[in-house]
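Everything on this sheet refers to the single structure shown next.
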Amino acid sequence: MEKKKYYITTPIYYPSANFHIGHCYTTVIADSIARYKKLKGYDVYFLTGSDEHGLKIQKKAEEKGVTPKEYVDEVIKNAKDLWNSLGIEYNRFIRTTDEDHVATVQKIFQKLYDQGDIYKGSYEGLYCTPCESFWTESQLVDGKCPDCGREVEKASEEAYFFKLSKYQDRLVDYIETHPEFIQPISRKNEMMNNFIKPGLEDLCVSRTSFTWGIPVTFDNKHIVYVWIDALSNYISALGYLSNDDSLFKKFWPADLQIVGKEIVRFHTIIWPCLLMALDLPLPKQIFGHGWLVINGAKVSKSLGNYRDPREYIKEYGVDAIRYYLLREVPFGSDGQFSEELLISRYNTDLANIVGNLVNRTLSMLSKYFDGIITKSYVQTEYDEDLINLVLSTSQKVDDYMDKLEISEALDCIFEIFRRCNKYIDETTPWVLAKEENKDKLKTVLYNLLASIRIGAILLLPYIPTTANEILRQINTKKITIDTINDFYTLETNIIINDFKPIFMRVEKKHE
Ligand code: ME8
């Protein structure tokens, strides 16, 4: 039987500066969902990338005395290094400077022009002559240019426009008949009431005032401006309008497109209208998540209020960061990021609950049975409750993941480890050892390891390094999802591998 397919995307981020913890947030979440789907047997395509054109990048490069391409190449090298150290398993990292993307964007622009959805007009805006930039009223700071603080003046330039207004009724109809399209639901209401229903204006899709962009083939003093270039990445990456569009045929429409709440608007208005104009199906869901904030302010490039995420990974380990991003903030809401909270999550959940449990259990097995896993027929009165909880977890995780309640799914898996710690308190293995009650002791240690094995498999999508290390220490070969419905799958007469605590409690290392 052909595997079910799943296509998931993150936004493509601006490489005007190195990626920060906010970019890590979206990407780690998408990666965990992709890994979860793979674990469940789906054929997954996971796309992320970078949005490399535009005046801001052109200016940054000029300031540094390099070409825009040289400038972004450096940032992208760091970004790929960051994704690598965060364990991001993407299928493709698309760059809008990639040749195939450029070619597809040019074909899309041409097609829309040929069919009358793009037309020539003039763009009116507030222009800062020294910066050669157009601004909107709301972008100005104290009525002046937000970049240099100088006066701006009304100006107009020739530009191409996309007929967004033509698709308004179809868009309203689609959103109303597809309640799952924009999630969470609050964002759907906001889009409908604040932006769509008041009326859509045609969108300016080209510029002549700067050059760092994709040239319009039929009028090459124009470059494609922002959204047609950026949004098309989700289909150009799969080979849309190219010689080989097999990936496109297989994976489009996307199952899930994750974006931060500030760009929901572009993804739920411009993007669907563009797809309608291209006569393509719409993605099944756009999910707009909340922001990570530090001391009340959004983590952002322009504020620069953050440290390089690679430093956190070096100090606390990759899974401390992944776990924090996945667990701390309910998906959809805003949430705090701070080193104190990161350390506290690390110590209470990772070190105390999981780390301690695995280490205590393996130490006891090593001490009492030379590290050999065995089983006996003697039972304890606490087994049934433990086993029931462990075996019921996978379904609960699936239910949460279906609703993208990732923090809740993780908490539910941790319930296994918390229950195991309670089981140790209930059965007191050290007392069983003293009483030479070896059969009962075997049962207790087997049940603990069997539960830890299942918990570790369930953890694979979220904190894969830790989950794999636990499975390695136990030395089990039963590590696939189809082995977790039978509690007794854990092998006997195997010797556990060398082990050491997976997490050591940490103190803050940085002011
Ligand atoms: O908007 N909290 O790029 P960008 C959570 N190139 N997520 C955050 C965040 C924060 N504080 N800060 C950033 C762009 N993000 C465009 C997108 S898509 C076709 C084009 C994440 O570099 C979040 O996913 O400004 C947000 O939407 C994205 O980074 C913005 O990245």
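First listed ligand is number 1; within each ligand, the first listed atom is number 1.
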Does a side chain donor of either [X] or [Y] reach within less than 3.5 Å of an acceptor in the other side chain?
| X | Y | result |
| --- | --- | --- |
| T9 | Q257 | yes |
| Y324 | D349 | no |
| Y400 | D411 | no |

[atom]: the protein heavy-atom neighbour that sits closest, reported with distance to 0.1 Å:
| atom | value |
| --- | --- |
| atom 20 (C) of ligand 1 | I12 O, 3.4 Å |
| atom 9 (C) of ligand 1 | G22 CA, 3.5 Å |
| atom 2 (N) of ligand 1 | L292 N, 2.8 Å |
| atom 12 (N) of ligand 1 | H20 CE1, 3.3 Å |
| atom 21 (C) of ligand 1 | T26 OG1, 3.5 Å |

Item to check | Distance flag, aromatic centroids of F337 and Y312, threshold under 6.0 Å | outcome: yes
Next on the checklist: In this structure, is the centre-to-centre distance between the rings of F287 and F331 below 6.0 Å?
Outcome noted: yes
Number the atoms of ligand 1 from 1 as they appear, then name those within less than 4.0 Å of a heavy atom of [X], with their elements.
| X | value |
| --- | --- |
| G290 | 5 (C) |
| E262 | 26 (C), 27 (O), 28 (C), 30 (C) |
| W291 | 2 (N), 5 (C) |
| A230 | 19 (C) |
| D51 | 6 (N), 16 (C), 20 (C) |
| K298 | 11 (N), 12 (N) |

Next on the checklist: Would you say NZ of K144 has more than 12 non-hydrogen atoms from neighbouring residues, nucleotides or ligands within 6.0 angstrom?
Outcome noted: no
Checklist entry - N/O of G260 under 3.5 Å from N/O of ligand 1, yes or no? => result yes
Checklist entry - Only one of K37, K4, K5, Q285 clears side-chain hydrogen bond (donor to acceptor under 3.5 Å, both in side chains) with D255; which? => result K5
Decide whether the shortest distance between a heavy atom of [X] and an atom of ligand 1 is less than 4.0 Å.
| X | answer |
| --- | --- |
| Y234 | yes |
| K261 | no |
| S50 | no |

Checklist outcome for this item: Hits for ring pair (Phe, Tyr, Trp, His ring centres under 6.0 Å) against Y45, two or more places apart or cross-chain, chain-then-number order -> Y7, F251
Item to check | Distance under 6.0 Å and angle within 45° of ring axis: K56 vs Y14 | outcome: no
Next on the checklist: Looking at Y323, I'd like to know if the NZ or CZ of R345 sits under 6.0 Å from its six-membered ring centre while staying within 45 degrees of the ring's axis.
Outcome noted: no
Next on the checklist: For atom 1 (O) of ligand 1, tell me which residue out of I263, I29, T10 has the closest non-hydrogen atom.
Outcome noted: I263
Checklist entry - Nearest non-hydrogen atom to atom 14 (C) of ligand 1 belongs to which of W227, Y13, Y14, Y25? => result Y14
Checklist entry - Looking at CD of E158 and OG of S206, how far apart are the two atoms once the value is rounded to the nearest 0.5 Å? => result 7.5 Å
